[in-house]
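The structure presented is a predicted model; accordingly, all values stated were derived computationally and were not measured. Starting from 1, each residue takes its place in the sequence as its number.
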Amino acid sequence: MEKTLLQPNKEETGTRLDAWLAAHLPVLSRSGAAKLIEEGRVTCGGKPLPKNYKVRGGETLSVELPEAERRELQPEDISLDIVYEDEDVLVVNKPKGMVVHPAPGHASGTLVNALLHHCGRDHLSTVGGEERPGIVHRIDRDTSGLLIVAKNDEAHLKLKDQLQDHTLARIYRCVALGNFREDSGLVDAPIGRHPVDRKRMAVVADGRPAVTHWTVLERYPGYTYLECRLETGRTHQIRVHMAHIGHPILGDTVYGGKKPVPGLQGQCLHAMGLQFIHPRTGERMELTCPLTEEFEKQLFKLRHLHT
């Protein structure tokens with residue numbers, strides 16, 4: 001069993017324990033969380049918690065998770081929105097809700113399963129390991145947008161170098177809570193694992209360097225539409241940085257401390273653009289994809305606030 005420590009926010013006080021665990025641990029369904037509680041595998045202060053427990057906010061929960069079984073990756077006939085493809089690279093517009101590669105709780109239905117069907121196992125790079133064929137970088141399950149895939153090891157290594165020297169640019173659009181005083185700026189704050197909740201990331205003194213550049217696109221009462229450019233690519237970087245400066249992303253219940261937004265799945269964050277040097281031709285590639293329908297609907301609502 002793997003033991004994980006979690007700490008609910010004060011804003012989550014009163015949430016049923018099984019629902020809270022399912023929302024914060026992607027490996028668990030609500031019924032799976034309920035089973036762990038019944039088995040006494042969810043404790044606080046060393047004492048098992050009852051099924052009807054509601055989180056209080058601020059307490060430290062200990063959860064024993066079963067070890068994941070390793071399974072061979074299987075190709076799956078899943079439709080892909082391909083923005084660009086040649087013999088070396090493939091750029092896909094990933095939909096919200098799709099996990100990039102198999103992980104505990106997500107053994108199928110991932111982008112990797114779809115890529116194995118579309119490209120074939122022999123036409124994806126192996127640099128990322130057996131469980132991540134072709135995957136050069138990732139975006140969160142509930143973030144939509146562009147992701148580049150390497151179809152051979154040479155292309156993968158060159159793209160990986162571009163990530164390191166920042167010649168591979170990733171441009172995002174998001175809606176953040178609150179109003180920004182300046183029209184542009186950057187967040188330069190190291191990111192690492194949260195000291196208590198190991199499933200979350202946080203700005204921590206001993207974290208890895210992380211820099212996010214942001215520019216205001218539109219302002220609304222209580223909200224701001226932003227473009228963000230990643231200089232580094234830490235896990236959940238934009239979400240963590242925006243929350244760190246007091247402007248969490250709309251719909252981000254993990255880092256924003258707010259309730260889910262009606263009509264919005266997860267955070268209002270979209271990987272809109274990619275810029276990179278083609279690993280074979282040396283050509284400068286600039287690719288974009290439109291905002292999702294639900295993102296556009298949120299912008300429409302915000303643009304018509306108080307009108």
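When only modelled atom types and interatomic distance are considered, T126 and D153 share a side-chain donor-acceptor pair under 3.5 Å. Using modelled atom types and a 3.5 Å distance limit, the side chains of H101 and E131 yield no donor-acceptor pair. For the residue pair E218/T224, the side-chain donor-acceptor check at 3.5 Å is not satisfied. Side-chain contact check for D77 and H118: no donor-acceptor pair (N or O, by modelled atom type) lies under 3.5 Å.
M285 is not listed as a side-chain neighbour of Q275, based on a closest heavy-atom distance of 4.5 Å or more. Looking at L168 and L274, their side chains come closer than 4.5 Å, going by heavy atoms from C-beta outward. Between P209 and E231 there is no side-chain heavy-atom pair separated by less than 4.5 Å. Proximity of N179 to Y220: side-chain heavy atoms (C-beta onward) are nowhere separated by under 4.5 Å. Counting heavy atoms from C-beta outward, E39 and E64 have side chains that stay 4.5 Å or more apart. Inter-residue side-chain proximity for Q298 and V261 is flagged as met; some heavy-atom pair is nearer than 4.5 Å. By the 4.5 Å heavy-atom criterion applied to side chains, P133 and L115 are not counted as neighbours. A heavy-atom distance below 4.5 Å is not found between the side chains of V149 and V89.
Paired with Y255 under the rule side chain to side chain donor-acceptor pair (under 3.5 Å), one option of H244, R200, Q267, H236 passes, and it is H236.
Electrostatic pairing of D140 and R239 counts as a salt bridge here, judged by a charged N lying under 4.0 Å from a carboxylate O. The residues E87 and R280 are annotated as salt-bridged, a charged nitrogen and a carboxylate oxygen being separated by less than 4.0 angstrom.
In the hydrophobic cluster analysis, where Ile, Leu, Val, Met, Phe, Trp and Tyr join through side-chain heavy atoms closer than 4.5 angstrom, L230 is grouped together with I245. V92 and Y84 fall into different hydrophobic clusters, where Ile, Leu, Val, Met, Phe, Trp and Tyr side chains are chained together by heavy-atom contacts under 4.5 Å. Under the 4.5 Å side-chain heavy-atom criterion for grouping Ile, Leu, Val, Met, Phe, Trp and Tyr, I148 is not connected to I277 through any hydrophobic cluster.
A donor-acceptor pair is defined here as one N or O able to donate and one able to accept, closer than 3.5 Å; such a pair exists between the side chain of N152 and the backbone of A155. Between the side chain of T15 and the backbone N or O of E12, at least one donor-acceptor pair lies under 3.5 Å. Put simply, the side chain of K158 gets close to the backbone of P279: a donor and an acceptor are under 3.5 Å apart. Between the side chain of Q237 and the backbone N or O of R234, at least one donor-acceptor pair lies under 3.5 Å. In this structure, the side chain of D18 does not engage the main chain of G32 through any donor-acceptor pair within 3.5 Å. Looking only at distances, no side-chain donor or acceptor of H117 sits under 3.5 Å from a matching main-chain atom of I78. Side-chain N or O atoms of E76 include one that pairs as donor or acceptor with a backbone N or O of G109 at under 3.5 Å. A donor-acceptor pair is defined here as one N or O able to donate and one able to accept, closer than 3.5 Å; such a pair exists between the side chain of T232 and the backbone of V211. K94 places a side-chain N or O within donor-acceptor distance of the main-chain N or O of M98, the cut-off being under 3.5 Å.
Summarising the geometry, atom OG belonging to S184 is positioned 11.0 Å from atom CG belonging to L217; distances are rounded to the nearest 0.5 Å.
Applying the ring pair (Phe, Tyr, Trp, His ring centres under 6.0 Å) test to pairs two or more places apart or on separate chains, those with a residue in residues 147-184 are F180-W214, F180-H247. Sequence neighbours left out, the pairs with a member in residues 166-181 that pass salt bridge (Lys or Arg N to Asp or Glu O under 4.0 Å) are R173-E227.
Heavy atoms only, all atoms of each residue included: V216 and E182 are closest at CG2-O, 3.6 Å. Nearest heavy atoms, P50 versus L17: O-CD2, 4.4 Å. Closest non-hydrogen pair, T60 versus Q7, comes out as OG1-NE2, 3.6 Å.
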Go through the steps for L21 and L36 under the test side chain to side chain contact (heavy atoms under 4.5 Å, CB included), then give the verdict. CA-CA 10 Å; L21 288 172; L36 288 183; 5.9 Å; no
V63/R41 under side chain to side chain contact (heavy atoms under 4.5 Å, CB included): CA gap, chis, key distance, verdict: CA-CA 6 Å; V63 185; R41 300 189 185 279; 6.0 Å; no
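By the side-chain contact (heavy atoms from CB on, under 4.5 Å) test, K96 is found to be paired with S144, L264, Q265, E294, residues two or more places apart in sequence or in another chain being considered.
Surrounding CD of E154 are at most 12 heavy atoms belonging to other residues, nucleotides or ligands under 6.0 Å away.
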